[in-house]
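Read the structure below first, then the notes.
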There are 2 protein chains.
Amino acid sequence: MQITRASEYAMLGLLALARRPMGEVVMLDVVAGEEDIPVSFLGKIFQSLARGKLVKSSRGSGGGFMLVRTPESITALEVIEVVEGPVSLTRCLDEDTGCEHASGCALCGLFAEAQDRVKEVFSGTTVAQLAGRHIPGGMVRNARGRERIVFRSQQSQAGSSLAEKSAV
Amino acid sequence: MQITRASEYAMLGLLALARRPMGEVVMLDVVAGEEDIPVSFLGKIFQSLARGKLVKSSRGSGGGFMLVRTPESITALEVIEVVEGPVSLTRCLDEDTGCEHASGCALCGLFAEAQDRVKEVFSGTTVAQLAGRHIPGGMVRNARGRERIVFRSQQSQAGSSLAEKSAV
DNA sequence: ATCAAGCGGACCAAATTGGTCCTGTTTAAA
DNA sequence: TTTAAACAGGACCAATTTGGTCCGCTTGAT
């Protein structure tokens, strides 16, 4: 279960759509600007989201992207799997290759359990829930135009486990 | 939380030691042979394990590796962190860089929770427990010598979620 | 002394990540 | 009916990570 930038950006992009009235069409560079994502990369990601039927695109002037499902119905797991494909925590759990350590490999069971826990968390969280907690960030409009503001001090909310420094 | 071959091999290597009486010294190529791991790569990994005080090495003839702690006291999480370093599910949770999406990034919270679940699983499993479930596998001796045997049919035990094929 | 074994650094190829860029198509609007 | 706006999709790219190999060095037992 590898969470890359692409998944992060996909979720942030969906949050940008979810903040708006359902069905509203938003241009790529607007989303990219709000969430501070490279627009060309976000384009690729939204292509995936469109193929995965999470958003619909319309072309031509006045075009852009809109949600095709309610934010309440889209889980984080769906988003991740649409952009990353059917991912797995290790190659042991990969659909194609499978575990190569053969017969009684105890590790597979362990990894499978860990992966299931992760999937539980992600499948139990919807875009709507995230949107509720999310403040767009990145760019903030002030008197002189657009300026990047970063609140380093707020990182600590990210998780208790961040503090534990282990051996390297 | 990225589980690479190195972590897998490290655990398998420790299992090989755990199968033996505590304190027994085992050579690298014996472990590598039992678990079907490239010996030179396993050497690197055991160097890490030695630095992480999970095993002790002795050099010269008759040398090899031995556990310095009981299999019951070594958790999977420790092993992973010794070989991979302080890993995180995403860059958002990385100690150094931290979340770059600024202020109210809801994703960090989500990722942190998922990561904590994974850590729970790994910190709740010991090498001893794994050793109990593990059958060395990989190589099986038969009449004509050594032959690689793979039990494809046993993959399915790895997790129910493996079957769900999502769009790519 | 000598041989067996791990140590540690240099090196390597392949895959993945995180993008960019350019040439289409589609569509709305002038 | 142009034309310009906007996404689609493929090619390409550099940097990093992964998964190793190799070789000369050091250590330790006989």
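As the structure is a prediction and not an experimental result, all values here were calculated from the model. Chain identifiers are assigned alphabetically (A, B, ...) following the order of the sequence lines, protein sequences preceding nucleic acid strands; residue numbering begins at 1 within each chain.
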Rounded to the nearest Å, what distance is computed from the CE atom of residue A:M27 to the C1' atom of nucleotide D:dC7?
11 Å
What pairs meet the salt bridge (charged side-chain N to carboxylate O under 4.0 Å, His left out) rule with one or both residues in residues 59-76 of chain B, with sequence neighbours excluded?
B:R69-B:E78
Length of the line joining A:Q47:CD and D:dG10:C1', which is rounded to integer Å
9 Å
Classify B:F46 by what it touches in the nucleic acid, base, sugar-phosphate, or nothing, heavy-atom distance under 4.0 Å.
nothing
Along nucleotides 18-28 of chain D, 5' to 3', which nucleotides get a B, which get an S, and which get a -, given that the test is a protein heavy-atom distance under 4.0 Å?
SSBBB---BBB
Under the side-chain hydrogen bond (donor to acceptor under 3.5 Å, both in side chains) test, residues paired with A:E120 that sit two or more places apart
A:R117
Rounded to the Å, how far apart are B:M66 CE and C:dA5 C1'?
16 Å
With a 4.0 Å cutoff (strictly under), does any side-chain N or O of A:S57 reach OP1 or OP2 of D:dA8?
yes
side-chain contact (heavy atoms from CB on, under 4.5 Å) partner of B:L49, the single match among B:L42, B:L67, B:L14
B:L14
Rounded to whole angstrom units, what separation is found between the CZ atom of A:F65 and the P atom of C:dT26?
16 Å
Among residues at least two apart in sequence or on other chains, which ones pass side-chain hydrogen bond (donor to acceptor under 3.5 Å, both in side chains) with A:T90?
none
Atom NZ of A:K56 to atom C1' of D:dC7: distance rounded to whole Å?
12 Å
Tell me, which pairs form a salt bridge (charged side-chain N to carboxylate O under 4.0 Å, His left out) where one or both residues lie in residues 12-23 of chain A, sequence neighbours left out?
A:R19-A:E34, A:R19-A:E35, A:R20-A:E24, A:R20-A:E34
Value in whole Å for how far the C1' atom of D:dG9 lies from CD1 of A:I45
15 Å
Besides A:M66, the hydrophobic cluster formed by Ile, Leu, Val, Met, Phe, Trp and Tyr side chains linked at under 4.5 Å, directly or via other members, contains A:V25
